[in-house]
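Below: one structure, written as structure tokens.
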Amino acid sequence: MTFKSFVLIIAIMAVLSSMSHASDPSPLQDFCVAVDDSKNAVFVNGKFCKNPMDVTANDFFRPGLNMAGNTSNQLGSAVTAVNVNNLAGLNTLGISLARIDFAPYGLNPPHTHPRATEVLALFEGTLYVGFVLSNPGPNMKNKLFTKILHPGDVFVFPVGLIHFQFNVGKTNAVAFAGLSSQNPGVITIANAVFGSDPPINDDVLAKAFQIENKVVDYLQSQFWWDNN
């Protein structure tokens with residue numbers, strides 16, 4: 001084999017390798033409908049970029065995470081998110097942050113982040129945390145992983161899986177979470193299922209949850225608090 005042939009083979013292998021790893025970029029929002037006229041566009045997959053000449057240190061700075069969120073609500077919790085929507089410098093960096101405050105027995109209810117894995121570190125209090133795996137095979141139940149966290153403990157919630165945090169202590173709790181997306185998104189299960197606008201058809205929910213329609217009506221009539 002000549003040197004030129006060897007170089008050609010290496011080049012072809014490199015091209016094929018790069019092609020095998022190519023894929024569409026991950027979505028950074030729920031949807032992005034295509035338009036032909038850029039004047040009518042309001043988003044790209046993420047945010048438009050600021051002229052680098054106009055960027056300042058303030059674009060990468062946000063104060064306030066030393067302040068506790070207001071937990072005087074039905075859930076007894078408050079999430080203070082820092083993402084691309086309130087810290088522009090996060091655009092394209094693939095990370096975001098949240099402070100989560102809990103009153104005694106406060107709950108961050110079952111929810112998912114469709115675009116991010118979450119790593120949570122507990123600073124104060126005691127939390128019962130967990131996540132549920134995606135649907136297994138026939139006649140099998142979704143497996144639940146749970147743990148009691150104490151200050152200094154860290155727990156990971158894999159991307160897209162339903163998870164929760166519950167303060168099982170008699171004092172306030174404070175946690176900080178890092179997320180692997182500039183805009184991770186949040187789907188709170190109860191809010192999405194029973195508080196959608198317009199409401200999901202009664203018959204759909206009654207059959208899905210194996211309950212009577214009047215129970216569905218009652219649940220849909222409740223005020224579903226958003227702690228974000």
Side-chain angles (χ1 to χ4, degrees), residues 25-30 46 60-136 141-192 225-228:
S26 298
L28 297 174
Q29 56 220 31
D30 286 343
F60 303 95
F61 172 77
R62 182 174 178 82
L65 281 189
N66 60 315
M67 304 294 293
N70 184 5
T71 59
S72 298
N73 55 61
Q74 294 171 323
L75 296 172
S77 69
V79 178
T80 305
V82 178
N83 53 44
V84 71
N85 296 313
N86 54 28
L87 182 54
L90 287 174
N91 194 38
T92 75
L93 298 185
I95 57 171
S96 58
L97 178 70
R99 171 178 173 145
I100 313 171
D101 290 280
F102 300 84
Y105 308 110
L107 172 69
N108 192 15
H111 62 281
T112 73
H113 300 293
R115 295 179 288 275
T117 290
E118 174 183 344
V119 56
L120 181 136
L122 182 61
F123 280 66
E124 297 177 17
T126 306
L127 293 181
Y128 168 64
V129 305
F131 66 87
V132 182
L133 293 186
S134 54
N135 293 356
K141 294 185 177 181
N142 300 68
K143 189 170 183 178
L144 171 66
F145 292 88
T146 64
K147 196 75 176 176
I148 298 293
L149 301 187
H150 302 283
D153 290 345
V154 175
F155 197 81
V156 175
F157 306 99
V159 59
L161 298 185
I162 296 174
H163 59 283
F164 60 86
Q165 299 104 24
F166 178 53
N167 183 4
V168 294
K170 297 180 180 179
T171 61
N172 293 339
V174 181
F176 285 85
L179 300 112
S180 61
S181 171
Q182 67 182 46
N183 185 25
V186 182
I187 302 172
T188 306
I189 307 306
N191 301 40
W225 186 269
D226 181 7
N227 65 338
N228 288 269

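The analysis underlying the following values was restricted to heavy atoms, covering all of them including side chains, and did not include hydrogens, waters or symmetry mates.
- To the nearest 0.5 Å, the span separating CG on L107 from OH on Y128 amounts to 11.0 Å.
- Side chain of R99 to backbone of L65: a donor-acceptor contact under 3.5 angstrom is found.
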Derivation and outcome, side chain to side chain contact (heavy atoms under 4.5 Å, CB included), residues V132 and L161: CA-CA 6 Å; V132 182; L161 298 185; over 6 Å; no

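- In terms of heavy-atom proximity, V159 sits nearest to H113 at CG2-O, 4.0 Å.
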Side-chain atoms of residues 87-97: list all donor-acceptor pairs with protein atoms under 3.5 Å, sequence neighbours left out, distances to 0.1 Å.
residue: N91; atom: OD1; partner: K47; partner atom: N; Å: 3.4
residue: N91; atom: OD1; partner: Q182; partner atom: NE2; Å: 2.9
residue: N91; atom: ND2; partner: K47; partner atom: O; Å: 3.2
residue: S96; atom: OG; partner: S181; partner atom: O; Å: 2.7

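- N86 contributes a side-chain N or O that, together with a main-chain N or O of A81, makes up a donor-acceptor pair within less than 3.5 Å.
- In this pair, H163 and F157 present their aromatic rings parallel. The plane angle is below 30°, not in the 30 to 60° band.
- Using modelled atom types, no side-chain atom of D101 and backbone atom of A68 make a donor-acceptor pair closer than 3.5 Å.
- For F102 and F166, the gap between ring centers reaches or exceeds 6.0 Å.
- Side-chain contact check for P136 versus N142: some heavy-atom pair is nearer than 4.5 Å.
- Between L75 and N108 the shortest side-chain heavy-atom distance does not fall below 4.5 Å.
- Note that CG of D153 is 10.0 Å distant from CG of L120, once rounded to the nearest 0.5 Å.
- Taking CZ from R115 and CG from N183, the interatomic distance works out to 5.0 Å, rounded to the nearest 0.5 Å.
- Of all non-hydrogen atoms in I187 and A192, the two that sit nearest each other are CG2-CB, 3.9 Å.
- Applying the side chain to side chain contact (heavy atoms under 4.5 Å, CB included) test between P109 and each of N227, N191, D226 identifies N227 as the sole match.
- Residues A103 and N167 share a closest heavy-atom pair of O-ND2, 2.9 Å.
- The two residues A121 and V154 make their nearest non-hydrogen contact at CB-CG2, 4.1 Å.
- Taking CD of E118 as the start and OG1 of T112 as the end, the distance is 11.0 Å to the nearest 0.5 Å.
- Ring planes of F155 and F131: tilted class, angle from 30 to 60°.
- Interatomic distance, H111 NE2 to N228 CG, rounded to the nearest 0.5 Å: 7.5 Å.
- Minimum heavy-atom separation, L127 to Q165: CD1-CB, 4.3 Å.
- When all heavy atoms of V79 and A98 are compared, the pair lying nearest together is CG1-CB, 4.1 Å.
- Of the possible polar contacts, one joining the S180 side chain to the T117 backbone as a donor-acceptor pair under 3.5 Å is found.
- In this structure, CD1 on I162 lies 10.0 Å from OG on S134, to the nearest 0.5 angstrom.
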